[in-house]
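First the structure, in the form of structure tokens, and then the observations on it.
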Amino acid sequence: SDVCSSDLFFGCCCFFPLTTAFFPLCLLFPSTAMAVDKAKFVELLAALQSKDNEVRKKAETMYEQAKQTDPENTMVGFVTVIGSSSILEATRIQAAVLLRRQVAKGPDKDFTFPKVSPNAQKQMASELLRLFQSEQIPKLQVKIGEVIACLADYVCNEEDPRGSLAPGTCGWPALLP
């Protein structure tokens with residue numbers, strides 16, 4: 001199957017149990033002007049893998065809403081997790097898989113990269129290249145490479161005018177000069 005295709009389905013609720021309390025979505029994903037809380041993203045990723053169906057469904061719902069209401073912060077959070085060597089490898093890989101779905105052309109509910117500001121798009125693209133070059137864990141480096149491949153497929157597509165990391169051009173100059 002295509003590396004860039006999405007295969008998750010998410011529901012629709014806006015609260016997620018963090019420890020013993022329920023926190024609204026806005027506390028987990030603050031506005032892009034605020035710093036990303038890496039610990040909250042790690043907790044979200046853990047809940048998405050929970051064996052408890054109720055915890056997992058709430059996390060899936062919250063993640064779906066976050067993708068739609070604040071895709072920039074969601075992507076920045078995943079890039080932050082991917083780049084954090086202090087976080088478990090499996091969690092970093094999961095963040096890369098979810099990020100790949102957000103940058104891969106496909107269903108609008110998953111493909112949220114065009115909704116991100118041009119400046120953030122450039123910064124994420126640059127950071128992904130840096131992470132790929134510096135990553136020491138082969139499996140994670142492959143997953144980062146898959147994110148880069150999906151993003152390149154989008155930004156280098158001359159038929160889709162939305163895809164560009166440089167205004168008025170097509171392509172990814174830092175990747176394919």
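Computed from heavy atoms alone, side chains included, the values below leave out hydrogens, waters and symmetry copies.
- Under the 4.5 Å side-chain contact rule for hydrophobic residues, Ile93 and Ile137 share a cluster.
- Rounding to the nearest 0.5 Å places CD1 of Ile87 at 11.5 Å from CD of Gln94.
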Begin with the C-alpha distance, continue with both residues' side-chain angles, and end with the deciding distance and a verdict on side-chain contact (heavy atoms from CB on, under 4.5 Å) for Lys139 and Val142. CA-CA 5 Å; Lys139 191 173 181 180; Val142 166; 5.8 Å; no
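- Note that CD of Gln102 and CZ of Phe113 are 10.5 Å apart. Values are rounded to the nearest 0.5 Å.
- To the nearest 0.5 angstrom, Thr91 atom OG1 is 11.5 Å from Ile82 atom CD1.
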Evaluate salt bridge (Lys or Arg N to Asp or Glu O under 4.0 Å) for Lys57 paired with Glu54, printing each intermediate quantity in order. CA-CA 5 Å; Lys57 280 186 78 87; Glu54 188 169 324; over 6 Å; no
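- Contact record, Val116 with Pro71: CG2-C, 4.1 Å, taken as the closest heavy-atom pair.
- Applying the ring pair (Phe, Tyr, Trp, His ring centres under 6.0 Å) test to every pair with at least one member in residues 68-90, sequence neighbours left out, gives these pairs: Phe41-Phe78, Tyr63-Phe78.
- Rounding to the nearest 0.5 Å gives a distance of 15.5 Å between CG of Asn73 and NZ of Lys67.
- At a threshold of 4.5 Å between non-hydrogen side-chain atoms, the residues Val81 and Leu99 do not count as touching.
- Taking each heavy atom of Ala96 and Val147 in turn, the nearest pair found is O-CG2, 3.3 Å.
- Between the CG atom of Leu48 and the CG atom of Leu98 there is a distance of 6.5 Å, given to the nearest 0.5 Å.
- Residues that satisfy the side chain to side chain contact (heavy atoms under 4.5 Å, CB included) test with Gln123, not counting sequence neighbours, are Asn119.
- Sorted by first and then second residue, the ring pair (Phe, Tyr, Trp, His ring centres under 6.0 Å) pairs with a member in residues 125-152 form an empty list; sequence neighbours excluded.
- When every heavy atom of Ala59 is checked against every heavy atom of Leu44, the shortest pair comes out as O-CD1, 3.7 Å.
- Counting all heavy atoms, side chain and backbone alike, Ile144 lies closest to Leu128 at CG2-O, 3.7 Å.
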Can you list the steps and then say if Gln68 with Lys115 is a side-chain contact (heavy atoms from CB on, under 4.5 Å)? CA-CA 9 Å; Gln68 298 308 314; Lys115 299 175 184 175; 2.9 Å; yes
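- For the residue pair Ala47 and Val55, the shortest heavy atom distance occurs at CB-CG1, 3.9 Å.
- Using a 4.5 Å cut-off on side-chain heavy atoms (C-beta onward), Glu127 and Met124 make no contact.
- To the nearest 0.5 Å, atoms CD (Gln65) and CD (Glu60) are separated by 12.5 Å.
- Looking at residues two or more places apart in sequence or on another chain, you find a side chain to side chain donor-acceptor pair (under 3.5 Å) between Ser84 and Lys38.
- Leu129 meets the side chain to side chain contact (heavy atoms under 4.5 Å, CB included) test with Ile148, Trp172, Ala174, Leu175; sequence neighbours excluded.
- Applying the salt bridge (charged side-chain N to carboxylate O under 4.0 Å, His left out) definition to pairs two or more places apart or across chains, those involving residues 74-96 are Arg92-Glu135.
- Scanning all heavy atoms of the two residues, the minimum distance from Gly83 to Leu131 falls at CA-CD2, 3.4 Å.
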